[in-house]
2 protein chains.
Amino acid sequence: MAQTQLSRETLLPKLAAHVLEHGLGGASLRPLAKAAGTSDRMLIYHFGNKEGLITELLGYIAAMYSGALDAMLGDVRPASRQECLARILDAGSDPAMQAFLVLWWDIVAGAARGLPGYRTAAEAMMTKQLAWLEAQMPEGDPDPAGGARYLMTVIEGTLMLAAVGHDKTARDGLLAGGLLPS
Amino acid sequence: MAQTQLSRETLLPKLAAHVLEHGLGGASLRPLAKAAGTSDRMLIYHFGNKEGLITELLGYIAAMYSGALDAMLGDVRPASRQECLARILDAGSDPAMQAFLVLWWDIVAGAARGLPGYRTAAEAMMTKQLAWLEAQMPEGDPDPAGGARYLMTVIEGTLMLAAVGHDKTARDGLLAGGLLPS
DNA sequence: TTGGACTTGTAGCGATTGCTACATTCAGCG
DNA sequence: CGCTGAATGTAGCAATCGCTACAAGTCCAA
C-alpha cells in the first residue's frame, strides 16, 4: 500500500474545508476522514489522537485566516475611520466570510470553555486581525494603535450582534456613536 | 410508582445548572438526567426528544438571564455613559457571571449555525439586555436609545475579546474611544 | 370496583464514538 | 536478495449516543 502518501500537510486543507462546512463541535473522526479521503485509522496515525488533530487543525485555520487577511491588504487606504469600518463590515457580509464567521463562534466558545488549542488559535487570529487593522488605519490618524483597538472592539461587537439576529441594533449603535455616516 | 412527580418546571432548574457547568455542546441525555435526579427515559417523556429539551432549556435560561438583569435594576443611575460602561464591565468579571458568559458563547455559536432554539433564545436575551441598558442610561442623556445600542455593541465586543484573551486590547480600545476614563 | 390516563423502571436496540490489534504492503538500504 | 521501518487496510473493541418497547405502578372518575 503506502502509495498515496498522505501527510498532515495534505490532510489539513481538506479537514479545514470540512469543519468550515460542518462545524467543529460535532466533528468526529470518521466523517472527517471521509472528507479528507482517508480513514479514521490514518487520522489517529498522523495526529496521535483527536485532540492533537483539533489542535493542529485550529493552528492551520488560524494560518488560513492570516493568509486571507494578508491577501486583503494592499488595497487603497481608507480616508477615515468611518470608511474603514464601513468597508470591513461590508467584507463581513461576503458569503465566504460568513462560513468563516460561523466557525469563528465555535472557536470563541471553545476558547471561553478552555478547550486545548482553541484559546491559542483564537488569540493568534485576533492578534493578526489587530495588526491588519492597524495597517488599515487612515493616513494621518492621530492614534492609529488606539484607533485600531477601538474599531476592533466595535467590529467584534457588531459581528456578535449580527450572529444572533441583532444586526440592526448594532447598526443603530454605530450610527449613534458617530462611527458610521448617517 | 409515580410519587416523585417530576415535571418540566421541576426539571429545568437542575438541567440549567448542569449546562451552566458543563456546557451545551457536549450535553447528552444521561448525564443531564442524572444531574436532574431522573432518567434519560423521563427526559424524553417530558420533552418529547432532545431537540425539544434543548429548546425549552434555552428558553428557561433566557428567562433566568432576564430575571438576573431585573434583579440588578433599581440601582443608582450612573452619572455618565463612561460610568455606566465601567460598572457593567465590572459586573462581567463576577465569577457567577463568568459561568453565564461561557455558556453564552455556546449559545452564540449555536445561533450562528442556525440550530433550532438557539437563535430565538439569543435574540431574546439580547433584546432584554438592550432594554435593561436603555433603563440604565444616565439621566439627561441626549440619545438614550442610540446610546444604549452603542454601548451594547461596545460591551459585546469587549466580552468577546476578553473570552479569547484579548481583554487588554479591548480595554485599550475603550480608552482610545473615550469610553473609559484614563 | 373497575377502567383508563398519567407516570415511571428496566432493558435493550441500532448507530456512532475514539481508538487499537494485527497483518500487509511498499520504499529504501545493506 | 533480505531486512527494516513507515504507511495503510480490515476488523473490532468498549463506551456512549438518542430513543423505544413493555410492563408495572398510581391516581381519579364513573
S.K.: Could you tell me which residues satisfy side chain to side chain donor-acceptor pair (under 3.5 Å) with Glu9(B), sequence neighbours excluded, listed by chain and number?
M.R.: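 With sequence neighbours excluded, Glu9(B) shows a side chain to side chain donor-acceptor pair (under 3.5 Å) to Ser7(B), given in chain and number order.
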S.K.: Kindly state each residue pair satisfying ring pair (Phe, Tyr, Trp, His ring centres under 6.0 Å) with at least one member in residues 57-86 of chain B, sequence neighbours excluded.
M.R.: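 As it turns out, the ring pair (Phe, Tyr, Trp, His ring centres under 6.0 Å) pairs with a partner in residues 57-86 of chain B, which skip direct neighbours, are Tyr65(B)-Phe100(B).
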S.K.: In Å, rounded to the nearest 0.5 Å, how long is the span from CZ of Arg8(B) to CD of Glu56(B)?
M.R.: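 The distance works out to 5.0 Å.
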S.K.: When the distance from CZ of Phe47(B) to C1' of dT7(C) is rounded to whole Å, what number comes out?
M.R.: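 Going from Phe47(B) (CZ) to dT7(C) (C1'), I get 14 Å.
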S.K.: Judged by each residue's nearest nucleotide on DNA chain C, which is more toward the 5′ side, Thr38(B) or Glu51(A)?
M.R.: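 So the residue in question is Thr38(B).
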S.K.: Check every atom of dG9(D), dT8(C), dC19(D) against the side chain of Ser39(A) and return the nucleotide holding the closest atom.
M.R.: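 Nearest to the side chain of Ser39(A) among the choices is dG9(D).
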S.K.: Which of the following nucleotides, dG9(C), dT20(D), dC6(C), is nearest to the side chain of Met42(B)?
M.R.: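 Among dG9(C), dT20(D), dC6(C), the one nearest the side chain of Met42(B) is dG9(C).
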S.K.: Tabulate atom names and distances for all N/O pairs under 3.5 angstrom spanning the protein and nucleotides 11-17 of chain C.
M.R.:
residue	atom	partner	partner atom	Å
dT17(C)	OP1	Ser28(A)	OG	2.2

S.K.: Give me each pair satisfying side chain to side chain donor-acceptor pair (under 3.5 Å) with a member in residues 95-110 of chain A, each pair once, sequence neighbours excluded.
M.R.: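 Every side chain to side chain donor-acceptor pair (under 3.5 Å) pair that includes a residue of residues 95-110 of chain A, provided the two are not neighbours, is Asp106(A)-Arg113(B).
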S.K.: Can you measure Ile44(A) atom CD1 to dA21(C) atom P for me and round it to whole angstrom units?
M.R.: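 Atom-to-atom, Ile44(A) to dA21(C), this comes out as 13 Å.
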S.K.: If you check every side-chain atom of His46(A), which of dG9(C), dT8(D), dC19(C) has the closest atom?
M.R.: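 Closest nucleotide among those given: dT8(D).
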S.K.: Grab the OH-C1' distance between Tyr45(B) and dC22(D) for me, whole Å please.
M.R.: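 After rounding, the reported distance stands at 15 Å.
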S.K.: Expressed as a whole number of angstroms, how long is the span from Leu53(B):CG to dC17(D):C1'?
M.R.: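 Those two atoms, CG and C1', are 15 Å apart.
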S.K.: Which residue pairs satisfy the ring pair (Phe, Tyr, Trp, His ring centres under 6.0 Å) criterion with at least one member in residues 147-182 of chain A, sequence neighbours excluded?
M.R.: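 As it turns out, there is no ring pair (Phe, Tyr, Trp, His ring centres under 6.0 Å) pair with a partner in residues 147-182 of chain A once direct neighbours are skipped.
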S.K.: Would you please name every residue forming a side chain to side chain donor-acceptor pair (under 3.5 Å) with Asp70(B), sequence neighbours left out?
M.R.: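 Once residues adjacent in sequence are excluded, the partners of Asp70(B) under the side chain to side chain donor-acceptor pair (under 3.5 Å) criterion are Lys128(B).
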